[in-house]
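One structure below.
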There are 2 protein chains.
Amino acid sequence: MKSEKISEAVVRRLPIYWRYLSELQRREVSTVSSQELGQKLDLNPAQIRKDLAYFGDFGRKGIGYDVAYLIEKIRHILNLDQQINVVLVGAGNLGHALSNYNAYLKENLKIVAVFDAYEPKVGTQINTLKVQPMDELYDTIKNHNIRIGIITVPEYEAQQVANQLIEAGIAAILNFAPIILKTPPHVRIHAADFTTEMLSLAYYLEEGKEDSTDGE
Amino acid sequence: MKSEKISEAVVRRLPIYWRYLSELQRREVSTVSSQELGQKLDLNPAQIRKDLAYFGDFGRKGIGYDVAYLIEKIRHILNLDQQINVVLVGAGNLGHALSNYNAYLKENLKIVAVFDAYEPKVGTQINTLKVQPMDELYDTIKNHNIRIGIITVPEYEAQQVANQLIEAGIAAILNFAPIILKTPPHVRIHAADFTTEMLSLAYYLEEGKEDSTDGE
DNA sequence: TAGATTGTTAATCGATTAACAATC
DNA sequence: TAGATTGTTAATCGATTAACAATC
């Protein structure tokens, strides 16, 4: 275990490792090398070894990594050995869709409350959750020790919702609204905006500018 | 206009510039400096100038950037001065939610067809679009000159769907399934998986490991 | 002219990859 | 022992930032 600062790039790869390791476990594979992982995940094996080595000596020279052990380690690194409660604000179509992921998230990461500012939405059911009004946000976050917020409200409400989440002590936000949130440095923001994503993909279509050019 | 290779980091910032510039335009602001842009978007002004300079000399020394002109330029760089057709595969909750973004995408980027492999879903209506069966995928992509595919099917179907999209000549894929797609190098893949995103956020909760520590 | 701001070069910082001794 | 594979150092590559001449 070193104590260098871990870069975001590394952190973003951890769930990817974890996901594939879980698949290996289901297939009852007990050992895997950085070589194999790299092949499967399209990453450089040295990078994988380096990533993992930030957190400890998890592998065995000449052998590779024990799948079950590594899963357990990454699980710990990602804080998934504790219950992590999540709140979702904005019960529109997207919010609805995301709350269905609860089943997949399992593993101690769970959306436990849904909020919406729109009066008629309040009280309606989303899966097992009842949509709550915004004025219950603060207390709910405090009482349920909610640590992550998901924002799926329209652009013009997003900053205000973020403010409320942060005031209530949330530590991290996943923002689906197409806006750069202004937040204090101790709050972690990840942008997950669909339209931005689509627009940047459009950049790569240059080849197709002339119609009916075939292949590369 | 230089012809260096543009990095993905630069490309991902272009839509963000564009978005904010559009807001300025709505507010009838006609000129903006890299300084102001940087402040608003949490970016280094030098980086913004450098990003834009890859594509041309869009600014005026001593003055800044003309908002309308720069919008037009970025619009062109992102290929949005042509119609870009998009197909969505997987008409579940998430697919449904995304197809609602069509209104926002406008600007020549549009989801024009939706597919699903599940028999009873076929023929149902999603907004203005009728869900089509998978065996019409190839011809539809060809006939409508569809260039981008969105994958919102379950993990175990994603690779196969990607193969079909690529075979039909799609140039870029936005993948919401939690799996690393194996694709030829000329196809651009962006991952947009919700669970991976959530897991990486969980990493940053370390502070909260001990309960009831207050603030930072 | 004085002040502002670009475009660009050079400096810095950080992330990825190659290489290899250690060792299972 | 021979072969495999890690953890880590050093080399490389790339992206960000600072600085400033050019110029509006």
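What you are looking at is a predicted structure, and each value in this text was computed from that prediction instead of being measured. Here is the naming used below: chain letters follow the sequence lines, and residue numbers restart at 1 for every chain.
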CD of Glu8(A) versus C1' of dT16(D): gap in Å, rounded? 15 Å

Classify the nucleic acid contact of Arg49(B) as base, sugar-phosphate or nothing, counting any heavy atom under 4.0 Å across all strands shown. base

For Arg60(B) and dG3(C), what is the distance between atoms CZ and P respectively, to the nearest whole Å? 20 Å

Contact check, side chains of Phe194(B) and Phe176(B), non-hydrogen atoms, under 4.5 Å: no

Proximal nucleotide (of dG7(C), dT8(D), dT17(D)) relative to the Ala53(A) side chain: dT8(D)

Return the nucleotide paired to dT17(D): Watson-Crick means purine N1 to pyrimidine N3 with N6-O4 or O6-N4, wobble means G-U with N1-O2 and O6-N3, both under 3.5 Å. dA10(C)

Tell me: CD1 of Ile63(B) to P of dG3(C), nearest whole Å? 16 Å

In whole angstroms, how far is the C1' atom of dA18(D) from the CD1 atom of Ile48(B)? 15 Å

Just how far, in rounded Å, is C1' of dT8(C) from CG of Leu52(B)? 14 Å

So, Arg13(A) side chain and Asp51(A) main chain: donor-acceptor pair closer than 3.5 Å or not? no

Which heavy atom in Lys182(A) sits nearest to a heavy atom in Asp42(B), and how many Å separate them? NZ-OD2, 3.9 Å

Which of Asn175(A), Leu98(A), Val114(A) passes side-chain contact (heavy atoms from CB on, under 4.5 Å) with Ile150(A)? It is Leu98(A)

